[in-house]
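In what follows, chains are A, B, ... by sequence order, proteins preceding strands, each numbered from 1. For the numbers below, each heavy atom of this structure counts, side chains included, while hydrogens, waters and symmetry mates do not.
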Amino acid sequence: MHVKKLHPWRLSYEEAVRVQEQLRHKIRLDPLTEQIQLVAGADVSCERNNRFSYSSVVVFTFPDLELIEEINASLEEDFPYIPGLLTFREAPVLIKAFQKLRNTPDVILFDGQGIAHPRGIGLASHMGLILGLPTIGCAKTRLTGKHGTVPEEKGGYSLLESQGRTIGAVLRTRERVKPMFISPGHKITLKESIRIVLETCRGYRLPEPTRQAHLAVNRFRIVKSEHF
DNA sequence: GCGACAG
DNA sequence: ATCTTGTCGC
């Protein structure tokens, strides 16, 4: 897959923030232009003791969700986890996987925020800009924003708001489980994001793309680290 | 100054 | 995220 040249990643905190503040203005939240035929999920796993990070990208047909491709990658990790700067820790190894991907997904789900971010550019949004593809942020917990009570039934949601702006939705993807924090990443609307997440949920809290990417990256990490 | 804080 | 066993509930 074609992947745009990446920014220098060896950045200080201030430089990383500057990159985000400059890039946020390129994010577009227009409706999807293509019919969704391929949906992908991506996730990263890091080892506390080891100095490597691992990533997996899985591609499914939509809406049948038949797996057609899985790509893994590993990379030496150099950036720490800092709330708000997750992109600079996880994007490098994700990019390495996307560069090897043969299919071009119509939309990609990420384990993190889209625009529901202090500077409006979470991992999903940043990856959307790098890849030039529609992306959705599917986070398990809140980073920023306020919201009301989330309806108990599956599909129920409460809007996530910040500074008077709607930045996402707190969505119940399954009954009796904590809701997910969904936000558009790039080239997609919140409404479409919610629809795609719900249509890719298969009885679990996480939508299949990110759930399968999570399982895949853990399988990959075990095999890779045991084989040295 | 204090609390909050994706993975 | 990671470290970790069993256990309670639908």
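Both A:R176 and A:H214 lie close to DNA chain C; mapped to their nearest nucleotides by heavy-atom distance, the more 5′-ward contact belongs to A:H214.
Taking atom CZ of A:R119 as the reference point, atom P of B:dA6 lies 13 Å away to the nearest angstrom. Put simply, CG on A:L109 is 14 Å from P on B:dG7, counting in whole angstrom units. Rounded to whole Å, the distance from CZ on A:R205 to P on C:dC10 is 19 Å. Computed from coordinates, the A:Q20 CD to B:dC5 P distance equals 18 Å when rounded to whole Å. Distance, A:I136 CD1 to B:dA6 C1': 16 Å, rounded to whole Å. The separation between A:L160 atom CG and B:dA6 atom P is 13 Å, rounded to whole Å. Distance NZ (A:K146) to P (B:dG3): 19 Å, rounded to an integer number of Å. Atoms NE2 (A:H126) and C1' (B:dG7) sit 16 Å apart, rounded to a whole Å.
Open room surrounds CD on A:Q35; 12 or fewer heavy atoms of other groups in view lie less than 6.0 Å from it. Remark: A:E15 CD is packed, more than 12 non-hydrogen atoms of other residues, nucleotides or ligands lying under 6.0 Å away.
Taking only side-chain atoms of A:R221, from C-beta outward, the nucleotide of B:dC5, C:dT2, B:dA6 with the closest atom is C:dT2. Set against B:dG7, B:dC5, C:dC10, the side chain of A:L143 has B:dC5 as its closest nucleotide. Checked against C:dT2, B:dG7, B:dC5, the side chain of A:D43 finds its nearest nucleotide in B:dG7. Distance from the side chain of A:N218 is smallest to C:dT2 among B:dA6, C:dT2, C:dC10.
In this structure, A:G84 reaches the bases: a heavy-atom distance under 4.0 Å links it to at least one base atom across the strands shown. Across all strands shown, A:Q113 has heavy atoms under 4.0 Å from base atoms, whether or not it also approaches the sugar-phosphate. At the heavy-atom level, A:L85 lies under 4.0 Å from base atoms of the strands shown.
Between A:S45 and the phosphate of C:dT2, there is a side-chain N or O to OP1/OP2 separation shorter than 4.0 Å. Residue A:R142 places at least one side-chain N or O closer than 4.0 Å to OP1 or OP2 of B:dC5. Residue A:K140 places at least one side-chain N or O closer than 4.0 Å to OP1 or OP2 of B:dG7.
Tested against A:I130 for a side chain to side chain contact (heavy atoms under 4.5 Å, CB included), the candidates A:T87, A:L94, A:V3 yield a single pass: A:V3.
Counting only Watson-Crick and G-U wobble pairs whose two distances sit under 3.5 Å, DNA chain C takes part in no stem of three or more pairs.
Taking 4.5 Å as the limit, some side-chain heavy atom of A:I121 sits within range of a side-chain heavy atom of A:L23.
Judged by distance alone, the side chains of A:D106 and A:Q37 never bring a donor and an acceptor atom under 3.5 Å apart.
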Inset, instruction - Please assess A:V17 against A:E14 for the test side chain to side chain contact (heavy atoms under 4.5 Å, CB included), listing each intermediate value before the final yes or no. - result: CA-CA 5 Å; A:V17 167; A:E14 292 75 16; 5.8 Å; no
Legend entry - Chi angles and distances behind the side chain to side chain donor-acceptor pair (under 3.5 Å) call for A:R221, A:S45: CA-CA 8 Å; A:R221 180 167 70 82; A:S45 177; 2.9 Å; yes
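With sequence neighbours excluded, no residue forms a ring-ring contact (aromatic ring centres under 6.0 Å, His included) with A:F98.
Residue A:F181 and nucleotide B:dA6 are not classified as a stacked aromatic pair, given the requirement of ring centres less than 5.5 Å apart at an interplanar angle below 30°.
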